[in-house]
Amino acid sequence: SQESKLGEPFVLNSADTDFIFFDDLRTTLKKQINALLCLGLLLISGVIFIGQSVADEIPSRVAVQAFIKPEGNQLNVLMRVPMDAFGEIDFPVQGNPGALIISRAQNALETAAYTYVLGAIRFYEGGALLEDASLQTVRVSLPSNRSFTDYDSALANINSAPLPDETNLYWRQGMLDILITYPVQSVQSRFSVDPRLGGLGIETNTILRYVLTDGSDRAFTFLGNPGLVTLDPSWYQAVARFIKLGFVHILEGTDHLLFLLCLLIPLRNVRALVPVITSFTIAHSITLIASAFGLSPSALWFPPLIETLIALSIVYMALENILGVKQEHRWIMTFCFGLIHGFGFSFLLTESMQFAGSHLVMSLLAFNIGVELGQLLVVILVVPVLALLFRYAVAERMGVIVLSALVAHSAWHWMAERWTQFMAYELSLPVLNNQFYIALMQWGMLLIFASAVLWLMYEGFNRFLPVKEV
């Protein structure tokens, strides 16, 4: 800049003007950036505060109990929900930490029942939505109350006198018992429920018991929102459900699909595939049905062991493909591994059998049909793709080696991880008692039956599909 003489005006040249302009601009931007940073910090702090508040309001685990019983011309629904799930309801309390004033809480309790239960759950009679739900009564029970062991005790408890205010019950520790009725056309109708109670907590576990007209009950246990649950399914409803379950399971089971892929890579001729796929199907059906009837061990280490062996079966089959082992009698090894995969299928099926109603055998067969349909779809899609790949993209032998190596690599890592999980359990020798000998006899019978089936298949394949053609 230029120095001005005394008494003369100070004049800026263009360079000085540019410097001052950019200096002001930099200062303004600096202030705006600081303001934006402060605003961002405030927003983040607000989100964290709101998140913590919501987390404080929503319990981590909620256990709901329910009885459903058609009676007369109505459907009775008894439910017990922890009041900890009703964080947004303003209950009348006194003292610290907040003892519930039961005599003044009726309106708040009914609001909680309408908001959290009646607004979420849906009942159907023969597919038609039941409307005109009536909230008969609500009652607060102590957490130590055990009346929900059976329907009659639960009904008697909810109709009993309310607890006195002197109970000094912290409101979040209370249990809200609810009686709801729905008008129905007939107690013999097929009822279903869509219990959308997953929002009560981060993890909502519902134990529901449907009381049949003969007095027996059928128990259901599920997490979150299971979708539509048919309480007393007809045979065709059970069959449809389990066909879908088996079909989806085989398509979602990566390990089962890779095992099937190992079978298909070297065998793309339909005649060669028949004994392999048939042996795998029959084998996993044997152990699947045996598990459904309680013949599989209930020890905690058994599922990790089976999962490890399933991964091992994939590695073995992939190595056979790589080494170029002759395929004439591959169906025998496939049968042995199929027995293991059947136990793997059973782990899912055990949890799902509660939806079979009184149609246990039909549901088992339907699940198997679903699995076979899924396998058939995979065969129909994969075999032409492999044929095109080996014809136009890569030489067949090289393609078999590369694909099998990729499969073996994945399965090897699974096997290592699952073996680590299996070895985490404390293993000990079994106790030689009556229960052990009964289990040993059952496993012996299962082994004899599987051996007889294997012999019959061997004779059948030798007769109708000679070794040279397999």
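On a predicted model such as this, the values are computed, not experimentally measured, just so you know.
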Working note: Trp455 + Tyr458, criterion ring pair (Phe, Tyr, Trp, His ring centres under 6.0 Å); need CA distance, chi angles, decisive distance, verdict. CA-CA 5 Å; Trp455 177 79; Tyr458 182 82; 8.8 Å; no
Nearest 0.5 Å, what's the OG1-CZ distance between Thr206 and Phe220? 12.5 Å
Any chance the side chains of Glu203 and Asn205 put a donor and an acceptor closer than 3.5 Å? no
Taking all non-hydrogen atoms of both residues, which atom of Ser147 and which atom of Ser153 are closest, and how far apart? O-CB, 3.2 Å
Could you tell me whether the side chain of Arg61 and the main chain of Gly201 form a donor-acceptor pair under 3.5 Å? no
As an exercise, state the distance from OG1 of Thr334 to CG of Leu263, rounded to the nearest 0.5 Å. 5.0 Å
Is the closest side-chain heavy-atom distance between Leu305 and Phe343 below 4.5 Å? no
Mind telling me whether Phe148 and Phe67 have parallel, tilted or perpendicular rings, with 30° and 60° as the class edges? tilted
Determine whether Leu381 and Val385 make a side-chain contact, defined as any pair of heavy atoms from C-beta on separated by less than 4.5 Å. no
How long is the span from the OG1 atom in Thr181 to the CG atom in Leu130, to the nearest 0.5 Å? 11.0 Å
CD1-CG distance between Ile286 and Leu446, expressed to the nearest 0.5 angstrom: 7.5 Å
Do Met175 and Pro82 have side-chain heavy atoms sitting under 4.5 Å apart? yes
Would you call Ser279 and Ile332 a side-chain contact if the rule is heavy atoms closer than 4.5 Å? no
From Phe355 atom CZ to Phe242 atom CZ, the distance as rounded to the nearest 0.5 Å: 8.0 Å
Where the side chain of His359 meets the backbone of Pro233, is there a donor-acceptor pair that is under 3.5 Å apart? yes
Describe, in one word, how the ring planes of Phe91 and Phe86 are oriented to each other, choosing from parallel (under 30°), tilted (30 to 60°) and perpendicular (over 60°). tilted
Enter the distance from Leu339:CG to Thr287:OG1 here, rounded to the nearest 0.5 Å. 5.5 Å
With distance as the sole test, does Asn321 use its side chain to make a donor-acceptor pair with the main-chain N or O of Pro266 at under 3.5 Å? no
Indicate the ring-plane relationship of Tyr182 and Phe123, choosing parallel, tilted or perpendicular according to the 30° and 60° boundaries. tilted
If the plane angle is over 60° it's perpendicular, under 30° parallel, otherwise tilted; pick one for Phe259 and His341. tilted
Do Arg209 side-chain atoms and Tyr151 backbone N/O form a donor-acceptor pair below 3.5 Å? no
Tell me if a side-chain donor or acceptor on Asn225 pairs with a main-chain N or O of Gly198 at a distance below 3.5 Å. yes
Between Ser189 and Glu125, which heavy-atom pair has the shortest distance, and what is it? OG-OE2, 2.7 Å
